[in-house]
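Below is one structure; the comments refer to it alone.
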Amino acid sequence: MIAQRTGTTALRRVAANPNAVFTSTFAKAAMSQMQTRQATTQKISADEARSILDKQRLNRPVSPHLDIYDKQQTYFGGSIWQRFTGSGLSGGLYVFGAAYLAAPLLGWHLESASLVSAFAALPVAVKGAAKFLVAWPFVFHAFNGVRHLALDLGMFMKRQQIVKGGWYIWGASLVSGLYLAFFL
């Protein structure tokens with residue numbers, strides 16, 4: 001409380017007589033700290049500005065395109081498919097959830113009994129393919145998520161371990177997806 005009163009009193013005194021605080025020597029010291037431009041500027045036409053800009057653009061670096069990268073690298077195999085499967089699974093969940101909510105209004109039958117009876121009427125190969133299309137992204141995302149956690153912990157960081165781990169994930173997810181599709 002006392003510090004606040006002291007500060008308020010000091011501000012009132014400065015406001016009443018600013019020359020007592022901000023003397024010419026203070027202004028000169030402040031001006032000496034300012035930055036100055038050593039180069040002069042001049043007005044140029046729009047055409048001259050365009051030509052200068054075009055010359056500067058020739059010296060700028062160009063970002064590499066994805067075609068220069070080796071497709072066998074580990075980032076392409078594991079990381080991008082982790083994003084694809086996660087996006088596909090979450091997008092499918094949102095689409096089905098919205099359709100399930102809109103079904104009574106549109107006259108659709110998306111209740112469990114209708115879905116089970118419709119799926120049971122399909123041929124075995126179509127059932128297996130449909131189940132595989134759901135099972136494989138799920139198991140790949142789960143297995144590769146565990147692999148990403150291990151990599152985040154600094155485990156299996158040698159190149160050979162990363163490559164072998166990627167192939168193990170692909171193999172395990174395909175086998176697990178087929179198992180879930182045809183045996184469960």
Tell me if a side-chain donor or acceptor on [X] pairs with a main-chain N or O of [Y] at a distance below 3.5 Å.
X: Arg147; Y: Ile162; answer: yes
X: Lys131; Y: Gly177; answer: no
X: His109; Y: Ser114; answer: no

Distance-only polar pair, side chains of Glu48 and Ser51, donor-acceptor under 3.5 Å:
no

Counting only heavy atoms not in [X] (residues, nucleotides, ligands), do more than 12 fall under 6.0 Å from its [atom1]?
X: Phe132; atom1: CZ; answer: yes
X: Tyr168; atom1: OH; answer: no
X: Phe96; atom1: CZ; answer: yes

Hey, what do you get for [atom1] ([X]) to [atom2] ([Y]), rounding to the nearest 0.5 Å?
X: Phe119; Y: Leu115; atom1: CZ; atom2: CG; answer: 10.0 Å
X: Gln161; Y: Leu151; atom1: CD; atom2: CG; answer: 9.5 Å
X: Leu53; Y: Leu58; atom1: CG; atom2: CG; answer: 10.0 Å
X: Ser79; Y: His148; atom1: OG; atom2: NE2; answer: 4.0 Å

Indicate if [X] and [Y] have the same hydrophobic cluster label, given that clusters are the connected sets of ILVMFWY residues with side-chain heavy-atom separations under 4.5 angstrom.
X: Leu149; Y: Trp81; value: no
X: Tyr100; Y: Leu106; value: yes
X: Leu180; Y: Val134; value: no
X: Leu110; Y: Val95; value: no

Minimum heavy-atom separation for [X] to [Y], with atom names?
X: Ala181; Y: Gly128; answer: CB-O, 3.5 Å
X: Trp136; Y: Thr85; answer: CZ3-CG2, 4.0 Å
X: Lys127; Y: Leu122; answer: CE-O, 3.0 Å
X: Ala129; Y: Phe182; answer: N-CZ, 4.4 Å

Begin from the C-alpha positions of Ser176 and Phe143 and carry the test side-chain contact (heavy atoms from CB on, under 4.5 Å) through to its verdict.
CA-CA 10 Å; Ser176 299; Phe143 291 158; 3.5 Å; yes

Should Ser173 and His141 count as side-chain neighbours, where that means a heavy-atom distance under 4.5 Å?
no

Between Leu174 and Val139, is any pair of side-chain heavy atoms under 4.5 Å apart?
no

Quick one: do Trp170 and Phe140 satisfy ring pair (Phe, Tyr, Trp, His ring centres under 6.0 Å)? Show the steps, please.
CA-CA 7 Å; Trp170 279 96; Phe140 181 87; 4.9 Å; yes

